[in-house]
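Some notes on the structure that comes next.
Each ligand, and each atom within it, is numbered from 1 in the order the structure gives.
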Amino acid sequence: MSIGKVRIYDLSKELNLDNRDLLAICEQLGIAYKSHSSTISDADADRIREAAKTYQPHSAPPRKVSKTPPPVKKAPAPQKTQQIVAVHSQPRPETPEAPKPQLQQPPARPQPPTRPTPPEAIAPKAVEPVAPKPPTPPAKPEPTPPRPAPTLVPPPARPTKKVEKVAAAPPPRKELKEPPKKEKGASSQDRIEIVQRAVPPAPVKPEMAPKPALPELQPPPKPVAPVLRAPNPPKPVTETVEVLDDKSVSKVIKDRHRHKDFDDEENKRKSSRVAKLREEVIDEEEELELTSRLVGVHQVTVDVSQSLQRPPKPKAPRPARPVTPVAKTEKSSEKKQPRHRDRRHEEPAEAPPPDHITIEGPMSVQELASLVRRSEAEIIKILFFKGIAATINQTLEVETIELVAKELGITVETAQHKAEATKVTEMLESSDLDHLQRRPPVVTIMGHVDHGKTSLLDAIRNTKVAQGEAGGITQHIGAYHVDVEYNGEKHQVVFLDTPGHEAFTAMRARGARVTDIAVLVVAADDGVQPQTIEAISHAKAAKVPIIVAINKIDKESAQPERVKQELTEYGLVPEEWGGDTIMVPVSALQQQNLDTLLEMILLVAEVEDLYANPDRPAKGTVIEAHLDRARGPVATLLVQNGTLRVGDILVAGACFGKVRAMIDDRGQRVEAATPSFAVEVLGLADVPAAGDEFEVLSDEKAARALAEERAAAQRQSRLAQAAAARRVSLTSLSSQAREGELKELNLILKADVQGSVEAILAALNQLPQDQVQLRVLLAAPGEITETDVDLAAASSAVIIGFNTTLASGARQAAEQHNVDVREYNIIYKLLDDIQGAMEGMLEPELVEEELGQAEVRAIFPLSKGAVAGCYVLNGKLVRNCKVRVLRQQNVIHTGILSSLKRMKDDVREVAAGYECGVRLDDFQQWQEGDIIYAFQTVTKRRSLGSGSDRN
Ligand SMILES: Nc1nc2c(ncn2[C@@H]2O[C@H](COP(=O)(O)OP(=O)(O)OP(=O)(O)O)[C@@H](O)[C@H]2O)c(=O)[nH]1
């Protein structure tokens with residue numbers, strides 16, 4: 001083991017050589033090293049100095065890790081602490097001068113026009129500290145992983161990612177890194193071996209040569225570019241302004257990443273893990289032994305040619321088929337069914353129908369039939385029974401296709417969904433590749449209601465927002481960022497404040513698509529609940545890594561282990577159990593372990609390759625938008641690439657505008673917003689929809705034209721939908737009449753913001769509609785207008801307003817047209833009322849209600865008929881109520897109790913314990929011992945969920 005005191009990168013600085021060159025020299029001299037931050041002996045250093053004199057810098061120095069225990073880096077690591085340093089909203093440091101966008105805040109790119117060379121911030125993931133993750137070495141079978149201490153991971157290992165997935169075993173989370181090796185000499189088959197070894201507690205602060213300065217706070221995001229100069233920047237050969245798919249982007253990023261960073265094992269180590277590690281690594285011998293064990297276990301070899309050379313744009317993972325939808329079933333690709341079959345030929349295709357199809361948009365009945373391998377007639381029949389009269393050439397909207405597919409038991413994936421899932425990376429274009437800089441992670445907090453999402457966010461932000469939410473729900477989406485000191489540097493984490501109630505499912509799902517990391521909050525005393533499961537599936541669908549925050553561990557009833565157990569059923573296995581999901585027990589209330597959670601977020605972010613190019617016009621997503629009376633349309637935009645500046649011309653969805661002002665998450669006006677930050681933007685001409693993408697264009701005319709084009713497309717689509725809806729109602733009217741069952745409740749929904757609209761729609765969707773169907777004729781953010789009233793009047797709809805008001809004239813019009821306008825500001829109330837209204841539309845059911853029983857004890861014959869002398873056993877008898885006469889428990893008559901007397905007087909009712917005379921008009925054959933069962937029928941409102949059965 002080297003006892004040296006010289007660190008490789010110091011030496012590289014001293015010799016004015018690039019780290020890579022220096023490592024190459026080490027290679028030549030056979031000096032073992034682990035990374036450029038490894039230390040070597042003085043003697044070795046001297047040898048290197050000597051060799052450096054004659055060394056010819058190589059553009060792509062090879063890099064290899066010795067197989068033997070690498071010279072350990074034992075530098076005492078400064079105990080870094082994580083803590084929330086500050087909680088300002090947006091990039092606070094408003095740059096003095098507005099013009100230069102200047103990432104108004106830290107995350108921004110380094111001011112200086114010229115970028116420093118090797119940024120140090122970018123965590124070099126070359127050699128990773130290791131944990132004994134018994135990787136199922138896909139590449140090179142090695143001795144069986146001894147699977148030593150699962151706890152080995154020193155630094156909070158990084159979550160396994162795209163990198164070679166190290167088996168699914170041990171807890172330690174280090175990840176195998178396969179630094180691509182630059183081919184050396186002629187041997188393109190060179191392999192790099194990465195040794196993952198346990199690292200003692202203190203990791204060394206990595207630092208890149210050129211920048212001697214230690215991590216200063218407020219480090220501007222180091223540009224990645226410099227490093228890129230590397231040999232062959234993975235520049236796509238035929239680059240244009242293509243949007244990149246995530247694979248290629250990540251590949252490019254990774255490649256550069258690997259190049260530049262030989263920065264070794266970072267200081268990310270988790271104290272607990274370190275502690276455990278310490279137990280293992282007691283002395284050097286043991287360490288050596290352990291290392292060699294690990295070497296055996298965790299070596300990962302990577303083909304140079306594979307890692308370095310490949311261009312960033314591999315074959316697009318996305319099915320680039322233009323129009324033709326594709327069945328995604330295994331057999332889909334096999335012999336294609338004749339697409340255009342004879343129309344009259346209506347037998348289903350011989351091949352088994354797929355159980356899954358992927359579509360890219362509307363398609364004709366004929367195309368759909370071909371895709372699902374059914375006859376056109378069958379599709380038309382299904383549509384007919386759904387109330388849609390369609391012809392063979394008719395184009396079906398995606399929703400309609402989904403409807404048909406559901407009927408056929410086929411799941412549908414739309415290309416749109418895919419795009420949304422990969423939206424973040426798609427924000428990058430090939431031209432951005434040379435200017436990528438790290439950006440802060442955008443995090444969504446998800447979880448079941450009341451599990452503490454708001455409290456957690458609140459605790460992190462150190463402010464109080466939990467109180468005062470109407471109905472106890474977070475109703476609007478917001479974005480906040482916090483500064484976290486990590487590894488001696490200041491980092492930012494941007495949180496999307498997604499609402500927690502089930503009603504906001506849609507919003508949450510959208511949140512997941514624009515975020516990089518999902519923090520799943522699970523209350524330790526409540527475990528996995530429905531919305532927990534929902535959140536997991538949303539995050540998984542969007543391929544967003546999940547970090548679990550097991551909250552409320554301060555509670556006595558907390559059972560974090562049980563929560564972990566439950567989560568395994570949904571594919572989230574904690575690291576300590578051999579999985580790769582980071583689970584952090586926290587208490588939002590007592591602010592426990594929040595720094596660890598933030599640390600984990602930054603770790604995951606690091607692995608996620610979150611880059612953007614701030615030096616270009618902004619692109620991103622509309623998080624929220626609403627119409628403000630005083631300020632006009634207000635949209636919260638999340639910048640995902642580029643920098644958004646005041647004065648920019650942008651198109652958001654179908655809306656056009658010029659950024660008049662921007663307000664950050666702390667209510668401060670800012671001049672620019674860099675990647676990953678959200679700002680409220682004023683200046684749009686209209687209210688875009690949440691989830692719309694936005695982009696800045698340089699040409700106002702082009703922007704306006706694009707917006708108009710999109711608006712026209714939207715109108716077209718709405719018209720098509722409306723036409724489809726009309727067809728539904730027309731045809732369904734007759735079938736309804738036939739079946740006399742289905743009823744409809746027409747609604748027009750107006751809410752304050754798009755997020756609320758979506759949330760309410762999602763909640764309404766959950767109401768049972770088998771007996772009464774809800775038809776939402778219009779759902780949009782904004783005030784209730786006269787036009788809405790007209791529409792409601794014309795279609796007998798009820799208008800629902802949520803957190804909104806009536807425009808002038810609307811109320812008067814509503815009264816005039818007798819339109820029911822209901823206003824709410826609490827979603828539960830709204831849902832209750834709608835449900836009530838739906839139930840009110842059900843035919844009431846008649847229910848029998850017992851009144852009482854009497855026994856016949858004497859018979860008094862009259863001139864016509866007879867009177868039964870009775871004793872009321874229980875309840876009461878009421879004149880004109882219904883009765884059944886039972887004899888030996890058999891009903892011998894059912895009729896109306898027409899006369900009831902006490903003594904000689906007619907009475908209305910007789911209670912239990914009294915005698916009375918009973919006479920029925922149509923029954924006289926009384927016998928002593930008969931029982932008179934008195935009852936009445938009442939109408940009861942039926943509830944939606946129970947059909948005609950009452951709950
Ligand atoms: N004991 C304890 N209680 C907590 C903790 N975190 C949150 N709570 C309590 O749990 C309740 C729900 O917390 P919220 O933060 O409103 O939960 P939420 O998930 O945001 O709820 P919704 O916004 O309604 O979905 C509140 O009464 C909090 O005080 C915690 O760490 N410990």
Side-chain angles (χ1 to χ4, degrees), residues 84 87 443-480 482 495-512 515 518-536 538-539 546-564 566-567 583-598 600 624 753 755-756 758-760 762-763 766 802-803 824-832:
I84 301 169
V87 189
V443 179
T444 302
I445 297 198
M446 304 169 112
H448 193 71
V449 65
D450 275 352
H451 277 197
K453 297 175 293 296
T454 309
S455 303
L456 186 60
L457 199 60
D458 195 27
I460 290 173
R461 289 160 49 207
N462 247 343
T463 54
K464 297 282 177 199
V465 291
Q467 304 102 342
E469 295 168 349
I473 317 174
T474 312
Q475 286 176 349
H476 299 158
I477 210 167
Y480 313 87
V482 294
F495 288 93
L496 284 190
D497 180 7
T498 57
H501 185 262
E502 183 180 14
F504 291 90
T505 301
M507 207 185 271
R508 257 189 348 208
R510 189 181 59 240
T515 54
V519 170
L520 178 69
V521 179
V522 188
D525 61 339
D526 200 25
V528 172
Q529 295 298 327
Q531 289 158 46
T532 316
I533 301 165
E534 222 170 69
I536 293 173
H538 284 315
I546 298 173
I547 294 176
V548 177
I550 302 178
N551 191 28
K552 307 195 185 183
I553 52 163
D554 57 289
K555 284 189 138 184
E556 271 187 19
S557 51
Q559 291 183 285
E561 293 306 303
R562 199 199 69 183
V563 172
K564 289 179 189 169
E566 289 175 353
L567 286 169
M583 299 196 182
V584 187
V586 297
S587 166
L589 207 65
Q590 301 192 353
Q591 310 214 338
Q592 258 176 278
N593 247 4
L594 301 184
D595 48 354
T596 308
L597 179 63
L598 289 167
M600 291 300 117
E624 186 56 275
V753 293
S756 302
E758 289 181 20
I760 294 165
Q766 309 227 332
F802 182 76
N803 270 347
Y824 302 89
N825 59 15
I826 292 179
I827 195 162
Y828 302 117
K829 182 84 179 74
L830 183 157
L831 295 176
D832 280 354

Set out, in order, the CA-CA distance, both residues' side-chain angles and the distance that settles side-chain contact (heavy atoms from CB on, under 4.5 Å) for Thr596 and Val586, then state yes or no. CA-CA 9 Å; Thr596 308; Val586 297; over 6 Å; no
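- Atoms of ligand 1 found under 4.0 Å from any heavy atom of Ala588, numbered from 1 in the order shown, are 6 (N), 30 (C), 31 (O).
- Here the straight-line distance linking atom CD1 of Ile827 with atom CG of Asn803 works out to 10.0 Å at 0.5 Å rounding.
- Residue contacts with ligand 1: Gln590 is placed with no nitrogen or oxygen under 3.5 Å of a nitrogen or oxygen of the ligand (distance criterion only).
- For atom 5 (C) of ligand 1, the candidate residues are Lys552, Gln592, Glu556; the nearest heavy-atom contact is made by Lys552.
- Both the backbone and the side chain of Asp450 come within 4.0 Å of ligand 1, judged by heavy-atom distances.
- Residue Ile826 holds its CD1 atom at 11.5 Å from CG of Leu831, rounded to the nearest 0.5 Å.
- Comparing Val449, Leu456, Asn551 against atom 6 (N) of ligand 1, the shortest heavy-atom distance belongs to Asn551.
- Within the 4.0 Å heavy-atom criterion, both parts of Leu589, backbone and side chain, lie near ligand 1.
- Looking only at distances, no side-chain donor or acceptor of Glu566 sits under 3.5 Å from a matching main-chain atom of Gly527.
- In summary, the atoms of ligand 1 found under 4.0 Å from a heavy atom of Lys555, numbered by their order in the structure, are 1 (N).
- The closest heavy-atom contact to atom 26 (C) of ligand 1, among the options Ala524, Ala549, Ser455, comes from Ser455.
- Contact annotation: His448 has at least one heavy atom less than 4.0 Å from an atom of ligand 1.
- Here CG of Leu594 is found 6.0 Å from CD1 of Ile460. Values are rounded to the nearest 0.5 Å.
- Here the side chains of Leu567 and Leu520 are in contact, with some heavy-atom distance below 4.5 Å.
- With no hydrogens or angles considered, no side-chain donor-acceptor pair links His451 and Asn551 at under 3.5 Å.
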